A.B. asks: 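Sharing a structure below in structure tokens format, with a few things to ask.
Counting starts at 1 for both ligands and their atoms, in listed order. Position 1 is the first residue of the sequence; numbering continues from there. Fair warning: this is a prediction, and the values are worked out from it, not measured in the lab.
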Amino acid sequence: MKIKSSALLLILLIVSLLAISATAQTAPHFDGQTWWNHIKFLADDKLEGRDTGSRGEREAQAYAVEQLKRAGAEPAGVNGFYQPVKFVSRQIVEKDCSLVLIRDVEGKPKREALTLGDDAIISTRVMPAPEVEAPLVFVGYGLKVPEKNYDDFAGVDIRGKIIVILAGSPSEIPGALASHYQTAAERWKVLRAAGAVGIVSLINPASMDIPWSRMALNRAHPNMEYPCPEFNETEGAKLAVTVNPASAEKFFAGSGHTFEEIAVLGKDRKPLPHFPLAVSLAAKTKVDVTRIESANLVAKIPGGDPALKDEYVVLSAHLDHIGIGEPINGDRIYNGAMDNGSGSALVLDMAASFKKNPDKLRRSILLVLVTGEEKGLLGSKYFAAHPTVAPKSIVADVNADMFLPIVPLKLLTVQGLNESDLGDRVREVALSFGVRTQSDPEPLRNIFVRSDQYSFVRHGVPAVMLDIAPEPGSPEMKIFKDWLTQRYHAPSDDVDQPVDLAAAAKYEEIVRALLINIANSDHRPEWKPDSFFRRYAESAKMGE
Ligand SMILES: [Zn+2]
């Protein structure tokens, strides 16, 4: 049947124009399916959870290199796509370790042994001394933030002592700054100067991503470090211990305070008291040290502007995960589908999309798949300190890590939203896809310093990370909370979980549009004048 009415034709024309603009907006570069197919490979049991330096990680890297080649991306590492890195790996030998609380009872020392795993964990993020015994002093959040005239150590003598802190920060310190000062590197600068020998961290029950039982389960998992003074952030540290909130009262007995009282204050980021504890801590430790080799992968999508093509917009994601661990429900393989198969797959999809639709790029895009993120951002720390392109040619980092497309994409939490004008660009680009943005609503979780964007920030590069967020107050909140409790760093973060492919595709569109925005604008991204992190850009400039 033919349509003859011109009015109908006009309507049809309008409808088809609307359809075209709708596709332009929801954009045709991604369908969610290629993304999911990459994840199916990366998170397959045969890759054994892609632990740093493992066979599974090497297989994931070989796959990624194959995909990058197929997409026509150019190798930009040291050895083709690879930038080799070497680590030392530290594994606790728990049968040869002990933690004992010693209290004075009528002039005699009374010893109370802590049960490792149940009461506390000896962390290998620092290299523990074989034997330490020292008095304990509670110093609140254990933070010194000169910019806010905040000092938990004012008037407290911690020389030769082990400090006890509640993980977290007071509300007067903005989230990103508070997170920054809670990193091991910043903490140990202060502790070293004041002469502390160790740290006992009491987990803030208000910010536990995963329950203690699961944290304790994999406490024997190795930690790693890049064996070079430049990367030794905890020099002088003899002991680091993490305490089960359920056992924390043992540390407060006889002090006139309780952990319950402290936890209530810490939940709302309120000021905490400081006081000596009535116990000392004696620790014996043994650690096995081995050497590990791994690599970052670096690929380039070249830009075309003669004046700007040697500047780079980095898209980063960590390819490693935590490997094989203690079984949960009979499953030992920690597949890491969302963490961070999701971000790695996005990088591969992005490369392919630029081959298929070669939008004009002025600056080049550098795709960086880092290793060792789960061991403390090691691969990105190394890359940011020793990039395979000129350091000052990196104009921005957009990091993708576990962006969780488990609900429809309407809202993004943007780490770094208010630190540089990258945040403004994210806001604008997201809005063009009908997506709103918010700054981190949960500063206690320290997400800003917990993924690879922070390594770039430390070298002066404006950086953001975008995460799909639940609508505040909606039932989606519970979906995210349950995901963290049950699947985060568990074997069930695998390909048998529900994901929203449309949300993943839309997220990829936003990242792609953001990369093009950064690559093509006249000016490179700038730190906000009042951003604390601007100082790293200035010191990078001075170091030229
Ligand atoms: Zn992780």
Side-chain angles (χ1 to χ4, degrees), residues 38-39 42-43 47-54 56-57 60-61 64 87 89 121 123-125 167 179 182-184 203 207-212 214-225 242 294 296 316-326 328 331-347 368-381 383 399-406 413 415 440 442 444-455 465-468 480-495 497 499:
H38 289 314
I39 292 178
L42 296 169
L47 266 67
E48 297 174 339
R50 310 185 305 280
D51 202 2
T52 298
S54 70
E57 191 196 39
Q61 289 169 338
F87 301 123
S89 170
I121 295 168
S123 167
T124 45
R125 283 276 160 106
S179 298
Q182 286 175 77
T183 57
I203 296 172
S207 64
M208 285 178 92
D209 279 352
I210 62 177
W212 175 265
R214 286 217 285 111
M215 288 178 69
L217 200 57
N218 284 299
R219 62 189 184 278
H221 218 89
N223 261 305
M224 295 183 191
E225 192 170 70
T242 307
S294 182
N296 296 322
S316 59
H318 73 90
L319 188 57
D320 66 295
H321 190 54
I322 56 176
I324 295 172
E326 294 302 312
I328 295 177
D331 188 357
R332 301 179 63 90
I333 298 175
Y334 289 60
N335 305 74
M338 292 302 107
D339 185 11
N340 184 29
S342 64
S344 305
L346 171 139
V347 170
V368 185
L369 286 165
V370 296
T371 184
E373 189 273 351
E374 302 285 8
K375 310 286 191 258
L377 317 184
L378 299 181
S380 62
K381 270 180 197 166
F383 181 83
N399 187 47
D401 186 2
M402 206 176 92
F403 58 86
L404 289 184
I406 55 177
T413 294
Q415 299 293 333
D440 188 351
E442 301 169 296
L444 279 177
R445 289 178 61 212
N446 289 335
I447 307 285
F448 185 64
V449 303
R450 275 172 59 189
S451 190
D452 297 300
Q453 72 279 348
Y454 182 65
S455 299
M465 177 168 73
L466 286 51
D467 292 311
I468 296 176
F480 278 79
K481 182 78 194 146
D482 288 351
W483 193 91
L484 288 175
T485 308
Q486 289 152 19
R487 296 192 195 269
Y488 175 57
H489 281 204
S492 58
D493 177 14
D494 61 11
V495 293
Q497 64 183 304
V499 290

A.B. asks: With 2.8 Å as the limit, jot down which protein N, O or S atoms are around the Zn ion (ligand 1).
C.D. replies: Asp339 OD2, Glu374 OE1, Glu374 OE2, His489 NE2
A.B. asks: Just by distance, do the side chain of His489 and the backbone of Ile210 share a donor-acceptor pair under 3.5 Å?
C.D. replies: no
A.B. asks: I'd like to check the side-chain contact (heavy atoms from CB on, under 4.5 Å) partners of Ala317; sequence neighbours left out, ordered by chain and number.
C.D. replies: Asn340, Val347, Leu369
A.B. asks: What salt bridge (charged side-chain N to carboxylate O under 4.0 Å, His left out) pairs are there with at least one residue in residues 214-225, not counting sequence neighbours?
C.D. replies: Arg90-Glu225, Glu94-Arg219
A.B. asks: If the condition is salt bridge (charged side-chain N to carboxylate O under 4.0 Å, His left out), which residues does Glu326 pass it with, not counting sequence neighbours?
C.D. replies: none
A.B. asks: Is there a side chain to side chain contact (heavy atoms under 4.5 Å, CB included) between Ser294 and Glu57 once you walk through the steps?
C.D. replies: CA-CA 8 Å; Ser294 182; Glu57 191 196 39; 2.7 Å; yes
A.B. asks: Determine, step by step, whether Phe383 and Ser455 satisfy the side chain to side chain contact (heavy atoms under 4.5 Å, CB included) criterion, reporting the C-alpha distance in whole Å, the side-chain angles of both residues, the deciding distance to 0.1 Å, and the verdict.
C.D. replies: CA-CA 8 Å; Phe383 181 83; Ser455 299; over 6 Å; no
